[in-house]
Amino acid sequence: MNRQKEIEVLNEYYNSHDEDGRLAPRANSVEFITTMKYIKKYLEKGMSILEIGAGTGRYSLALADEGYNIDAVELIPHNIDVFKSKITPEQNVTVVQGDACDLSFIEDNKYDITLLLGPMYHLFKEEDRRSAISEAIRVTKKGGVIFCAYVGVDILIHQNYITGTVNELREKGLIDGDFNAMPVPEGLFFPQRKEDIDKLMSDFNVTRLHYVGTDILHRYMMDAINAMNDDTFADYMEYHYKICEREDCVGLSNHILDIFRKE
């Protein structure tokens, strides 16, 4: 399937999917809260920020609320419309349509912080994943920090996206005999393991700072987390922060955050 057909599949999905509300439930907010915590570790006043694949603007707008200037790129027109509808006069945010695989309209070495928090979920060809990483690095200043998110678990856990028996999944070409997710756009999301990410990153001149499971247990105890009161949720987050970089835990996470510095 060519890139244009992949984009058509994504447009169809996001035109009907409530991406804007995805992080609203308490359990789902663990991903957002954790990602923001790590972003803030590297933020300094006056830094320039680019978000590639900004969706409906959840991260961009949150950072704009804290006084940062944000440039955002998003592929899906529906998401851009929702994003623009939420921008207030006080927020210094620009959003344009663009593909993470080709940011040729952005100059080299421009941003202190680059967020690539969505595109890698949907890039099914290795050459496209490599292009997206390469472009994110190119537009980031030397010494700048890049935050790259992946879907980080095997496809059978994603029952809210893909349903069916094992045989049905295999017949559709979505998993192989070893339960590995197959890179086909019909699956919408392409889960990746650490060894895949390490291999992808091996040719780039970067230094990994953190490798984080941003929502490690939420898929397994979603109802319990949603039912927590504020004090219990604070305790849960304290525990989550203690395990979110543990090598024996990160692989359980629904979402992975790879954080690295451009050398």
Side-chain angles (χ1 to χ4, degrees), residues 1-11 13-14 19 31 35 38-39 48-60 70-77 79-80 83 95-142 144-152 181-185 187-212 214 255-263:
M1 185 179 289
N2 61 34
R3 182 65 178 144
Q4 185 55 45
K5 182 60 177 178
E6 292 175 2
I7 292 171
E8 290 175 10
V9 171
L10 291 178
N11 269 308
Y13 174 74
Y14 282 106
E19 177 62 19
E31 175 197 348
T35 302
Y38 277 88
I39 292 171
S48 55
I49 302 173
L50 172 68
E51 183 173 13
I52 306 165
T56 56
R58 181 71 182 272
Y59 289 97
S60 288
I70 313 294
D71 290 337
V73 178
E74 169 56 26
L75 179 64
I76 306 301
N79 288 345
I80 293 173
F83 188 149
V95 55
V96 298
Q97 186 175 19
D99 190 334
C101 298
D102 180 7
L103 301 177
S104 54
F105 56 92
I106 300 177
E107 63 194 72
D108 295 357
N109 305 307
K110 183 174 182 179
Y111 296 97
D112 298 292
I113 299 285
T114 297
L115 310 178
L116 187 70
L117 301 179
M120 303 302 282
Y121 299 173
H122 304 300
L123 295 175
F124 305 96
K125 299 185 184 72
E126 183 176 355
E127 63 190 83
D128 290 336
R129 294 192 292 275
R130 184 170 293 277
S131 292
I133 293 289
S134 179
E135 284 290 77
I137 294 170
R138 179 184 65 77
V139 301
T140 304
K141 297 176 182 177
K142 291 183 179 180
V145 179
I146 298 153
F147 297 76
C148 183
Y150 296 85
V151 173
M182 303 303 290
V184 292
L188 286 171
F189 296 87
F190 181 40
Q192 297 183 72
R193 299 177 180 179
K194 186 173 185 294
E195 54 262 38
D196 303 319
I197 297 168
D198 288 346
K199 180 180 177 182
L200 175 67
M201 297 304 299
S202 62
D203 292 333
F204 294 108
N205 186 21
V206 299
T207 298
R208 177 174 283 157
L209 303 172
H210 306 276
Y211 189 78
V212 185
T214 53
H255 298 88
I256 301 292
L257 185 63
D258 195 15
I259 305 170
F260 48 92
R261 177 180 287 118
K262 177 178 177 177
E263 301 299 344

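Because the structure is a prediction, the values reported are computed rather than measured.
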- request: Compare all side-chain heavy atoms of Ile39 with those of Ile259 and state whether any distance is below 4.5 angstrom.
  value: no
statement: Output for pair (Ile52 CD1, Asp99 CG), nearest 0.5 Å, gives 10.5 Å
- request: For Phe260 and Cys148, work out which heavy atoms get closest and say how close.
  value: CE2-CB, 4.0 Å
query: Hey, are Arg138 and Glu135 close enough for a salt bridge, meaning a charged N less than 4.0 Å from a carboxylate O?
result: yes
statement: CG (Asp258) and CD1 (Ile256) are apart, to the nearest 0.5 Å, by 9.0 Å
query: Quick one: do the Tyr111 and Asp71 side chains pair a donor with an acceptor below 3.5 Å?
result: yes
- prompt: Applying the side chain to side chain donor-acceptor pair (under 3.5 Å) test to Lys141, which of Asp108, Asp112, Asn109 qualifies?
  reply: Asp112
task: Please identify each residue that fulfils side chain to side chain contact (heavy atoms under 4.5 Å, CB included) with Arg261, with sequence neighbours left out.
output: Tyr42, Leu209, Glu263
task: Would you kindly say whether Asn79 and Thr56 are connected by a side-chain donor-acceptor distance under 3.5 Å?
output: no
task: Indicate the atoms forming the closest heavy-atom contact of Glu74 with Gly53, along with that distance.
output: OE1-C, 3.3 Å
query: In Å, rounded to the nearest 0.5 Å, how long is the span from CD1 of Ile49 to CZ of Phe147?
result: 9.0 Å
- request: Please name the pair of heavy atoms, one in His255 and one in Tyr121, separated by the smallest distance, quoted to 0.1 Å.
  value: CD2-OH, 3.1 Å
message: Could you measure the distance from the CD atom of Gln192 to the CZ atom of Arg129? Nearest 0.5 Å is fine.
response: 4.5 Å
- prompt: With sequence neighbours left out, what residues match Ala54 under side chain to side chain contact (heavy atoms under 4.5 Å, CB included)?
  reply: Glu51, Ser60, Ala72, Phe83
- line: In terms of heavy-atom contacts, Thr140 and Lys262 come closest through O-NZ, 2.6 Å
query: Can you name the nearest heavy-atom pair linking Lys194 to Arg208, along with the distance?
result: NZ-NH1, 3.5 Å
- request: Could you tell me the separation between the OG atom of Ser131 and the NZ atom of Lys125, rounded to the nearest 0.5 Å?
  value: 11.0 Å
message: In terms of relative ring orientation, are His210 and Tyr38 parallel, tilted or perpendicular, with 30° and 60° separating the classes?
response: perpendicular
query: Could you state the interatomic distance from CG (Asp198) to CZ (Arg193), rounded to the nearest 0.5 Å?
result: 13.5 Å
